[in-house]
Amino acid sequence: MAVLRSLAAVRAAPGLWWRAARASLGLQGRCLGRGYSVDAAQGFSSSVQSPPTFGFLLDIDGVLVRGHRVIPAALEAFRRLVNAHGQLRVPVVFVTNAGNILQHSKAQELSALLGFKVEPDQVILSHSPMKLFSQYHNKRMLVSGQGPVVENARVLGFENVVTVDELRMAFPVLDMVDLQRRPKTTPLLRNDFPAIEGVLLLGEPVRWETSLQLIMDVLLSNGNPGTGLATAPYPHLPVLASNMDLLWMAEAKMPRFGHGTFLLCLETIYQKLTGKELKYEGLMGKPSVLTYQYAEDLIQQQAERRGWAAPIQKLYAVGDNPMSDVYGANLFHKYLQMAKHGGAEERGASGLWKQRPSATQSCASILVCTGVYNPKGPEPTRPTQEAEAAPFHGHRDFSFSPGLMEASHIVNDVNEAVQLVFHKEGWAL
């Protein structure tokens, strides 16, 4: 069962994207001149600063950086967040849907860009919650992605992994799209290759055609790609995936394909070939509730290490992507409200999360205009004009929900987001 099936609909019906939903609800969808939404400009406090009872969940791409360039507002934001001793004034966790890098490498990268020491345990990659899926850690898993995929898999606890390239070398006749890589002679079929027991999708690969073909071969052959089966097994082998972003923002003017686009290709091919739906044992990364639970626990640990006695009660999630950042923060807020009234599972999504009792009461979503979200784009159409409406960009397993894609606040950049939160919490800028 996918991690969020208890909170999100199993199937995402075709619908309008979030800005059309805002129009249908009569809600605002642009950045205001001062950088604050209307409701955000009210209720500022000027009380004396005290130990923090709030923390930040900061997206990276489109919020702090664009490709390899730091966004200037991010430097301004951290001048407010870091004290004279180089320490954070409030707990901060960086929550990214990137996954093709090691956690400590991402921390070093952020440290160099932002000018202060970021610890590895302040960084959550899209696949970090896979540490909780211990029932698969000793199984032989095919791992897809790029960069240090084997090292990442082992850090997550997976002890026996096979890469797509290793599988291609073992069975050269499987990869036939690139004429230059086709074998010149027919190799002998191997019968000594141990069966694969599951598939681990850590991020977008480089050669999509190779990864799509070999992953399908593994699923259709029940883990024995050198053989053929008359009927594809169903249910198929377990599949764990992270990063559902259809798009992400780099230096280019328009968004780039993300791992969610790769997953869409895989799901479509599987459906077309088998007539059945590809199922996930776990979907991680934003907007998964499990990812936010993981982040919440790191925030609380960070506060305890700093000796801040007051529990962290409020989280502010800052992001640039309405579908992953806003939807995810609002979904987690909804989960917290359900948990408060006994309507959510005691141990979290799918019973995987065994955290301490939570003190967190709310999670507010703050949307910035420096990444995927573009307030200067064309005006949204009316919901009745479905033929002209923008499509829903979320993953198949998350239903279109206008309320979840409505940001608590819209600001120009992360610096204004920090100022907004400090004002609301009565903190000095």
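Inter-residue side-chain proximity for I312 and Q302 is flagged as unmet; no heavy-atom pair is nearer than 4.5 Å. With contacts defined as side-chain heavy-atom distances shorter than 4.5 Å, the pair L202/L156 qualifies. Proximity of L114 to V82: side-chain heavy atoms (C-beta onward) are nowhere separated by under 4.5 Å. At a threshold of 4.5 Å between non-hydrogen side-chain atoms, the residues V218 and L237 count as touching. Counting only heavy atoms from C-beta outward, the side chains of Y292 and I124 never approach each other to under 4.5 Å. Two residues are said to be in side-chain contact when any heavy atoms from C-beta on lie closer than 4.5 Å; P402 and F400 meet this criterion. F398 places none of its side-chain heavy atoms less than 4.5 Å from the side chain of L404. At least one side-chain heavy atom of L81 sits under 4.5 Å from a side-chain heavy atom of F56.
Remark: M244 CE to L263 CG distance equals 8.5 Å, nearest 0.5 Å. Atom CZ of residue F116 and atom CG of residue L88 lie 4.0 Å apart, to the nearest 0.5 angstrom. Note that NE2 of H333 and OG of S408 are 7.5 Å apart. Values are rounded to the nearest 0.5 Å. Distance check: T360 OG1 to K314 NZ gives 12.0 Å after rounding to the nearest 0.5 Å. The distance from the CG atom of L266 to the CE atom of M216 is 6.5 Å, given to the nearest 0.5 Å. K117 NZ to Q108 CD: the interatomic distance, rounded to the nearest 0.5 Å, is 6.5 Å.
In this structure, H259 and F262 have parallel ring planes: the angle between them is below the 30° cut-off, well short of the 60° mark. The aromatic rings of F54 and F422 sit perpendicular, their planes meeting at an angle over 60°, well past the 30° parallel limit.
In this structure, D325 contributes its side chain and D320 its backbone to a donor-acceptor pair below 3.5 Å. Using a distance-only test at 3.5 Å, with no hydrogens or angles considered, a donor-acceptor pair links the side chain of S128 to the main chain of L125. At distances below 3.5 Å, not a single donor-acceptor pair connects side-chain atoms of E197 with backbone N or O atoms of G223. A donor-acceptor pair under 3.5 Å is absent between the side-chain atoms of E267 and the main chain of E277, judged by distance alone. For the pair R256 (side chain) and M254 (backbone), a donor-acceptor distance under 3.5 Å is present.
Here E281 does not pair with K279 in a salt bridge; the nearest charged N to carboxylate O distance is not below 4.0 Å. Residues K106 and E109 are paired through a salt bridge, judged by an N-O separation under 4.0 Å between the basic side chain and the carboxylate.
Shortest non-hydrogen contact noted between F392 and M405 is CE1-CE, 3.8 Å. Heavy atoms only, all atoms of each residue included: G62 and R66 are closest at CA-CD, 4.2 Å. Smallest separation of non-hydrogen atoms from P194 and R140: O-NE, 3.3 Å. Closest approach of I196 and G198 over heavy atoms only: CG2-O, 3.3 Å. When all heavy atoms of F158 and Y136 are compared, the closest pair comes out as CD2-O, 3.6 Å.
Checked against the 6.0 Å centroid threshold, Y280 and H395 count as a close aromatic pair. Ring pair F171/F193: centre-to-centre distance below 6.0 Å.
Only one option out of D61, D59, D245 pairs with K286 in a salt bridge (charged side-chain N to carboxylate O under 4.0 Å, His left out); it is D59.
For the residue pair D297 / Q293, no side-chain donor-acceptor distance below 3.5 Å is found, with atom types taken as modelled. Of the N and O atoms on the side chains of T210 and D175, at least one donor lies less than 3.5 Å from an acceptor on the other residue.
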